[in-house]
Number of protein chains: 2
Amino acid sequence: MDRMDPTEATTPRQRYRAQVRAEIKRHAWEQIAAAGASALSLNAIAKQMGLSGPALYRYFANRDELITELIRDAYQSLADTFRARAEAGTSLRGLADTLRVWALDDPQRYLLIYGTPVPGYHAPEDTTRLSAEVMAVLLDACAAEGLPELPPSPLQAHLADHRAWAGEHPATPPALHRALAFWTRLHGVLSLELAGHFTGMGFDPARLYDAEAEAVTGG
Amino acid sequence: MDRMDPTEATTPRQRYRAQVRAEIKRHAWEQIAAAGASALSLNAIAKQMGLSGPALYRYFANRDELITELIRDAYQSLADTFRARAEAGTSLRGLADTLRVWALDDPQRYLLIYGTPVPGYHAPEDTTRLSAEVMAVLLDACAAEGLPELPPSPLQAHLADHRAWAGEHPATPPALHRALAFWTRLHGVLSLELAGHFTGMGFDPARLYDAEAEAVTGG
DNA sequence: TCCATGCGTTAGAAGGTATCACGCAAACAA
DNA sequence: TTGTTTGCGTGATACCTTCTAACGCATGGA
């Protein structure tokens with residue numbers, strides 16, 4: 001169909017197409033950062049670009065396809081950020097901070113992938129693969145660190161038998177458990193903070209996040 | 001202005017008004033359960049009720065006011081459920097299960113209050129009070145149970161000085177910490193499950209929830 | 001130079017929120 | 001019983017949204 005990697009020089013038409021697609025996504029991110037994914041309007045993007053509405057349908061079949069692309073980019077960004085830090089020798093504890101910095105850098109980007117699914121949008125299975133890529137980095141970090149093992153538990157026994165999500169990763173059940181706990185516990189604090197549920201409560205969300213990060217990384 | 005408590009018999013007009021408002025909310029909950037809060041359409045509700053669109057504006061100033069009312073009801077339902085179980089002597093561990101049952105009973109209702117805020121909606125301060133009511137029940141349960149105290153931590157010191165959210169509640173810093181952990185950790189698992197982020201991963205979310213519930217209640 | 005591909009346009013359908021003015025019915029007062 | 005007032009439901013309308021269809025023109029390839 002189309003191949004439109006902007007780096008890969010093909011025909012001028014395809015180069016132009018890739019350029020416009022990129023610009024559409026740029027404006028889309030601006031809108032999302034400003035008002036959230038559900039407020040994303042193809043019409044408004046077109047207006048910003050000096051185009052008329054239907055022109056954008058040359059580049060994205062519909063609103064969902066654009067959102068899918070943005071979700072893909074968001075996952076990719078998180079996976080890249082994680083992997084870069086992990087390869088630089090960052091500890092699991094460091095990855096926790098990396099996650100928060102990445103999330104606060106663009107809260108709506110975090111909520112786009114880990115928040116409540118946007119209205120009528122239905123995700124393609126493709127995103128499962130991207131989500132798994134993030135998990136893979138996490139599993140690497142969990143397996144690499146010689147953390148005080150979590151005590152054996154019924155959950156770990158269950159995870160040992162249901163490790164489809166870990167793919168081929170040779171992580172031990174305690175590592176699987178730790179990766180899931182890392183994800184869910186940090187997401188618990190982070191998503192409530194980003195959704196504004198701590199505002200007016202008086203305490204500093206960063207302190208709570210630190211405490212959870214310490215606890216979940218065996219601190 | 002209006003006083004429209006359906007129990008409080010006043011004028012026939014006000015009684016009718018309260019009745020219609022209640023029916024609108026009933027249809028709204030149906031729509032939300034089916035497609036989420038952002039898909040809620042005043043027009044569709046009117047159609048279902050055999051009315052024409054603008055008629056609903058006699059009962060709710062706009063879409064946001066309706067959503068606010070629904071959020072209020074959701075908080076109230078959760079607070080009532082919690083309080084009833086707590087007064088029946090349910091342990092903190094039992095409250096964790098209560099929370100999951102309540103959430104799974106109507107996932108969109110949970111996401112309405114604890115999920116990503118809906119598009120252009122801005123919550124009134126009123127909801128802070130309702131959220132605090134839920135927290136109050138939680139603090140009661142945390143303070144009541146003679147749990148193995150969480151070790152002193154920088155977070156607890158911080159919470160001791162920033163306890164606005166606890167109101168007048170005489171909870172100790174460890175209890176404050178436990179209440180927050182209860183909330184954030186269970187929300188972490190629950191929200192990811194409700195948003196569908198565990199689908200296709202292979203393990204049973206209930207097991208993970210149980211493990212978190214056990215851990216956070218000192219099991 | 002010619003011609004096919006494909007981009008951007010306007011027009012329009014279908015559906016959403018929300019406002020307005022109007023008519024009528026119900027509630028209340030005399 | 002007979003006004004009078006209050007307020008509910010209506011259709012028309014304005015302005016959004018996504019998305020389709022048909023048309024014109026420019027660009028790229030041969």
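Here is the naming used below: chain letters follow the sequence lines, and residue numbers restart at 1 for every chain. All values derive from a computational prediction rather than experimental measurement.
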### Query
Within the structure shown, what part of the strands sits under 4.0 Å from A:Leu40 by heavy-atom distance: base, sugar-phosphate, or nothing?
sugar-phosphate
### Query
Do A:Arg58 side-chain atoms and A:Arg17 backbone N/O form a donor-acceptor pair below 3.5 Å?
no
### Query
CD of A:Gln19 versus P of D:dT27: gap in Å, rounded?
15 Å
### Task
Among D:dG9, D:dA26, D:dC23, find the nucleotide with the atom closest to the side chain of A:Arg58.
D:dC23
### Task
Test A:Gln48 against every option in A:His27, A:Glu23, A:Gln31, A:Arg26 by the side-chain hydrogen bond (donor to acceptor under 3.5 Å, both in side chains) rule and name the one that passes.
A:His27
### Message
Assuming nearest nucleotide by heavy-atom distance, tell me which of A:Leu42 and B:Val20 is located more 5' along DNA chain D.
### Response
B:Val20
### A:Ser41 side-chain N/O to D:dT18 phosphate OP1/OP2 under 4.0 Å
yes
#### Entry: Side chain of B:Pro54 (C-beta onward), nearest among D:dG11, D:dT18, D:dA21
D:dG11
### Task
Using a heavy-atom cut-off of under 4.0 Å over every strand shown, decide if B:Phe60 touches base, sugar-phosphate, or nothing.
nothing
### Message
Quick check: do B:Ile45 and B:Leu66 have side-chain heavy atoms less than 4.5 Å from each other?
### Response
yes
### B:Leu56 CG to D:dG11 P, straight-line distance once rounded to whole Å
14 Å
### Message
In whole Å, I'd like the distance from the OH atom of B:Tyr59 to the P atom of D:dG7.
### Response
12 Å
### Query
side-chain hydrogen bond (donor to acceptor under 3.5 Å, both in side chains) between B:Trp165 and B:Ser131: does it pass, once the steps are laid out?
CA-CA 9 Å; B:Trp165 55 282; B:Ser131 167; over 6 Å; no
### Message
What contact category does B:Ser52 fall into here, base, sugar-phosphate, or nothing, at under 4.0 angstrom with non-hydrogen atoms?
### Response
sugar-phosphate
### Query
Can you tell me how far C1' of D:dT20 sits from CG of A:Asn62, to the nearest Å?
12 Å
### Message
If I compare all heavy atoms of A:Leu180 with all of B:Met201, which pair ends up nearest, and what's the gap?
### Response
CD2-CE, 4.3 Å
### Query
Looking only at side-chain N and O atoms, does B:Tyr16 come under 4.0 Å of OP1 or OP2 in D:dG9?
yes
### Query
Parallel, tilted or perpendicular: which fits the ring planes of B:Tyr114 and A:His197, with parallel below 30° and perpendicular above 60°?
tilted
### Task
Send over the distance from A:Lys47 NZ to D:dC16 C1', rounded to a whole Å.
9 Å
### Gap between atoms OH and P, on B:Tyr57 and D:dG11 respectively (whole Å)
16 Å
#### Entry: Outermost DNA chain C nucleotides near chain B [under 4.0 Å, heavy atoms]
C:dG16 to C:dC28
### Task
Considering just the side-chain nitrogens and oxygens of A:Asn43, establish if one lies under 4.0 Å of OP1 or OP2 belonging to D:dT17.
yes
### Query
So which nucleotide from D:dT27, D:dG29, D:dG9 ends up closest to the side chain of A:Arg13?
D:dT27
### Task
Measure up the A:Phe198 and A:Phe203 rings against each other and bin them: parallel (under 30°), tilted (30 to 60°), perpendicular (over 60°).
tilted
### Query
To the nearest Å, how far apart are B:Leu51 CG and D:dG7 P?
19 Å
